[in-house]
Amino acid sequence: MHTWFRNTIIEPGLVPLFCFFVAMIVGFGFIRLSVRLIRAQVRWWPGNVTPGGLHIHHVVFGVVFMLIGGVAGLTVPEELVGWRSVMAALFGIGAALVLDEFSLILHLKDVYWSEEGRTSVDAVFVAVALTGLLLLGFRPIGVADSLDLRGEPYALPLSIAVTLLNLGFAVITLLKGKIWSGLLGLLVPLFLYVGAVRLARPGSPWARWRYRPGKRRGERKMAAATWREKRLRRPIIRGKIWLQELIAGRHQ
């Protein structure tokens, strides 16, 4: 374990990113424990912050932590890895607090415990997954190509071409309603290629544009997409919701 940590995290200079990753997970776990205790009306837990009757959501504290950690991190010299790691951890805690109330920002109303509130948990899951892939050595599309082709005379035009091609696959994947595949594909392009060639989800923009009623091929594809949604995707979604509610609490 020590050898893996040294070779994967320390030597590539990813200690601040690792601290951000751990702090984000710990921050999310703490705040979810806090809100569940508040919801259960546990007497010994401090409860909400309500000075003068005003309920201050924890997204406010998250923004403050992100500003302090981000700005301070920009001013710390690169050789001071310890302090940079501390600032990255502070930024990670702030990110967890902000993402945990992502649904409130998106809908501009308190939907924390409603069905729409699951969007916040999805946002945290995506952030953790992407950060974890970065720690494992995956690089964003474009960056990876530029580093692999560095020094070659054709590096820049080829890197731009490959990046635009992958971004095109990403757009198609997202239009097909496959958000997870589109986001993870920014680090693992295989997700983009598979998502772009597979059937779109029934309610996605791609399905509305391409699987039109009245056309035999479009109706056949819509029927196949609907079957996949009901028989294959929904059981997976139910499993994901079960895991989300196990971690974050049951939404109404």
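Count residues from 1 along the sequence.
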Without swapping roles, check the side chain of [X] against the backbone of [Y] for a donor-acceptor pair under 3.5 Å.
X	Y	result
Thr50	Gly53	no
Thr226	Met222	yes
Ser34	Phe30	no
Ser120	Asp100	yes
Arg212	Trp209	yes
Tyr211	Ala225	no
Arg208	Gly203	yes
Arg84	Pro16	no

Atom pair [atom1]/[atom2] of [X] and [Y] - distance to nearest 0.5 Å:
X	Y	atom1	atom2	answer
Lys178	Phe191	NZ	CZ	12.5 Å
Ile179	Leu184	CD1	CG	11.5 Å
Ile247	Trp242	CD1	CH2	9.0 Å
Thr119	Leu104	OG1	CG	10.5 Å
Leu183	Leu174	CG	CG	6.0 Å
Leu165	Leu192	CG	CG	9.5 Å

Test of understanding: clusters of I, L, V, M, F, W, Y form through side-chain heavy atoms closer than 4.5 Å, transitively. Do [X] and [Y] belong to the same one?
X	Y	answer
Met87	Val22	no
Leu133	Leu99	yes
Leu167	Val171	no
Phe102	Val59	no
Ile10	Leu136	yes

Discussion item. Under the criterion side chain to side chain contact (heavy atoms under 4.5 Å, CB included), I'd like the reasoning laid out for Thr8 against Leu14: C-alpha separation, chi angles, the key distance, then a yes or no.
Written reply: CA-CA 8 Å; Thr8 308; Leu14 298 179; 5.7 Å; no
Work out which heavy atom in [X] is nearest to a heavy atom in [Y]; give both atom names and the distance.
X	Y	result
Phe28	Ala96	N-CB, 3.5 Å
Gln244	Val121	CG-CG1, 3.6 Å
Val15	Ser85	CG1-OG, 3.3 Å
Val98	Val63	CG2-N, 3.7 Å
Ser204	Gly177	CB-N, 3.6 Å

- Query: Looking at Phe91 versus Phe65, is the centre-to-centre ring distance below 6.0 Å?
  - Reply: no
TODO: Test side chain to side chain donor-acceptor pair (under 3.5 Å) on Glu101 and His57 and set out the steps.
DONE: CA-CA 8 Å; Glu101 293 200 315; His57 289 274; 3.2 Å; yes
Which pairs of donor and acceptor atoms, one on a side chain in residues 68-79, lie under 3.5 Å apart (sequence neighbours left out)?
unit_1: Thr75; atom_1: OG1; unit_2: Ala72; atom_2: O; d: 2.7

Apart from Val111 itself, its cluster of hydrophobic side chains linked below 4.5 Å comprises none
With side chain to side chain contact (heavy atoms under 4.5 Å, CB included) as the criterion, how do Arg217 and Lys221 come out once you've worked through the C-alpha distance, each side chain's angles and the decisive distance to 0.1 Å?
CA-CA 6 Å; Arg217 185 178 180 183; Lys221 285 191 173 183; 3.7 Å; yes
Taking the inter-plane angle between the rings of His251 and Trp113 on a 0 to 90° scale, is it parallel (under 30°), tilted (30 to 60°) or perpendicular (over 60°)? tilted
task = Take Ile93 and Met24 through the side chain to side chain contact (heavy atoms under 4.5 Å, CB included) test and state the conclusion after the steps.
result = CA-CA 5 Å; Ile93 294 173; Met24 181 168 57; over 6 Å; no
Margin query: Any non-hydrogen side-chain atom of Lys176 less than 4.5 Å from a side-chain atom of Arg201?
Written below: no
- Task: Starting from the C-alpha separation in whole Å, work towards a yes-or-no answer on side chain to side chain contact (heavy atoms under 4.5 Å, CB included) for His55 and Val49.
- Result: CA-CA 6 Å; His55 177 198; Val49 179; 6.0 Å; no
Does Glu116 come within less than 4.0 Å of Lys109, counting only side-chain N to carboxylate O? no
